[in-house]
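Below, chain A is the first sequence line, B the second, and so on; all start at residue 1.
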Number of protein chains: 2
Amino acid sequence: MNTRHTSSHNKITAASPSFSELKALLAFSQPLFTLRKKTTLITDGEKFKGLYLVHSGLLKQSQLKKTSENEIITHFFFPGDLIGLDSIFENHYSGSIASIETCGLSLIKFHDIANLPITKESHIQLLRILSKSMRIEHTRLWRTLSQSSDSRLAYFFITMSSKFREQGYSPNSFRLPMSRQEIANYLCMASETVSRIVSRFENEGLLSANGHEYFILNPEGLARIAEKA
Amino acid sequence: MNTRHTSSHNKITAASPSFSELKALLAFSQPLFTLRKKTTLITDGEKFKGLYLVHSGLLKQSQLKKTSENEIITHFFFPGDLIGLDSIFENHYSGSIASIETCGLSLIKFHDIANLPITKESHIQLLRILSKSMRIEHTRLWRTLSQSSDSRLAYFFITMSSKFREQGYSPNSFRLPMSRQEIANYLCMASETVSRIVSRFENEGLLSANGHEYFILNPEGLARIAEKA
DNA sequence: CGGTGCCTTGAACACAATCAAGTATGGTGG
DNA sequence: CCACCATACTTGATTGTGTTCAAGGCACCG
């Protein structure tokens, strides 16, 4: 299985927890394919085909608000993440899903949860993954709702940091391929606000940002901001 | 089964969709018991015992923010709703759950989803209910995040209206036992804001509010406000 | 070099929170 | 049944956070 990330950071450990949890499902995984950057994988309302497992790259799931303006980004998908969990009991996917950078993906093909030819234990296991991911998402939304922009962004960097640590990369030095605008859409704020806060965090010595490369200089300080009202 | 509501509104139809979807589960339902108003049913982090089915009354699920201040209300539970769906794959409930008015409840007792002694079809059915409720909640959170206070509150009244319609009561005249403060905590705004907007809606002839009694006068107008950015 | 898109920074504005009275309402005891 | 108190609700004034509008800078790429 190819878990190599496109960025050049050091790999510390090998296993992504999500992968190990998915052994049973992976038996049904189709061959890995490549999706080049800024390409749509799934259009809004498309028929459910199965789950996609991300091997490398980054994708976003977004909902276009009817009131023309900017998209709302509901998820970023990193290596080890499953795409489509929120549609597993539906006939169609929700929102459109597109790559931000070139991705390696594989499809775990099934039409319906009831048709997934795995054991009862694996079934329960899948449901636990589903439940866990929903709970994480739920927590994130509540945080976004009830916290200040500073807290949200600090929490975002902490989350990203954890993601990279889990994948075996350095948690304090990483590349985020998404634009400021996309981060803003994910956190439900204006891109100017993201810019301003990042600048402030830099002045306060919390982190350093150079284009899409980020260095966390003071994780404790960020955590403190993320936790306060 | 006692599905009578405590308020005095006309009952139009008999069935709550949630009840009919739950036939298999209901076979394991314990006897109905009464919880008097403003009483805690579940304290935060309590061990999972099963799902509670609401027969009458109203309950709230809330998370107390560590930063001392006011609670965040994550759910209101109406007759026909299941309490604990979000904890079905966990060992403990999340948040504390308390009645707002006197409630009739029954417990569907089981320790673990794997131990639920029902057929595969019922199992899948339960999961669909779970999935549906999470999707509804998810949609609600996204709306709350990305809409103005006006839209949120308009949407709240529309949702309440649908709830009552589903239960067979008049969708345009109903009693909401929760306080303004509780509505505010549910929608993540200040109670003063709720007051102001309700007053404005009244002036604009959209609805009429008298204490806890609400009359929707212009559903289309409310829907328009709920839908616009 | 001169573009184009992305990002940053500044200034003005708007929406909702907070602070602060003041007004109903409901429950309790006389 | 009324008087009283506590609580909930309303309304106004002020403040603050974040958006919007606008301009300028930087980098990548022809």
Figure out the CG/P separation between Asn210(A) and dC26(D), and round it to whole Å.
13 Å

Rounded to whole Å, the CD1-C1' distance (Ile197(A) to dT19(D)) equals 12 Å

Tell me: CD of Glu213(A) to C1' of dC7(C), nearest whole Å?
16 Å

Check the orientation of Phe164(A) and Phe174(A). Use parallel for under 30°, tilted for 30 to 60°, and perpendicular for over 60°.
parallel

Assess whether one donor atom and one acceptor atom, taken from the side chain of Arg180(B) and the base of dT11(D), lie less than 3.5 Å apart.
no

Would you confirm whether the ring centroid of Phe76(B) sits within less than 6.0 angstrom of the ring centroid of Tyr186(B)?
yes

Among dT8(C), dA20(C), dA8(D), which nucleotide has an atom closest to any side-chain atom of Ser179(B)?
dA8(D)

Are the side chain of Ser161(B) and the backbone N or O of Phe157(B) linked by a donor-acceptor pair below 3.5 Å?
no

Are Lys163(B) and Glu166(B) within salt-bridge range, i.e. N to O under 4.0 Å?
no

Distance, rounded to the nearest Å, where Asn203(A) contributes CG and dT9(C) contributes P
8 Å

Looking at dA16(C), dT20(D), dT10(D), which one has an atom nearest to any side-chain atom of Glu192(A)?
dT20(D)

Where each residue is assigned the nucleotide of DNA chain C containing its nearest heavy atom, which of Met189(B) and Ser191(A) is assigned the position nearer the 5′ end?
Ser191(A)

Starting from P on dC9(D), measure out to OH on Tyr214(B) and report it in whole angstrom.
8 Å

So His75(B) and His138(A), would you call those rings parallel, tilted or perpendicular, with 30° and 60° as cut-offs?
parallel

Would you indicate which nucleotide in dT11(D), dG18(D), dT9(C) comes nearest to any side-chain atom of Ser195(B)?
dT11(D)

Nearest-nucleotide pick for Ser148(A), side chain only, options being dT11(D), dA16(C), dG18(D):
dG18(D)

Check the distance between dA8(D)'s P and Leu176(B)'s CG and give it to me in whole angstrom.
17 Å

Base of dT20(D), side chain of Arg196(A) - is there a donor-acceptor contact under 3.5 Å?
yes

Can you tell me if His212(A) touches the phosphate of dC6(C), counting only side-chain N or O atoms and a distance under 4.0 Å to OP1 or OP2?
no

Figure out the CE/P separation between Met178(A) and dC6(C), and round it to whole Å.
16 Å

What is the distance, rounded to the nearest whole Å, between atom CD1 of Ile100(B) and atom P of dA8(D)?
12 Å

Identify which nucleotide among dA17(C), dT19(D), dG18(D) has an atom closest to any side-chain atom of Thr193(A), counting heavy atoms from C-beta outward.
dT19(D)

Please evaluate the base of dC6(C) for a donor-acceptor partner in the side chain of Glu182(A) within a cut-off of under 3.5 Å?
no

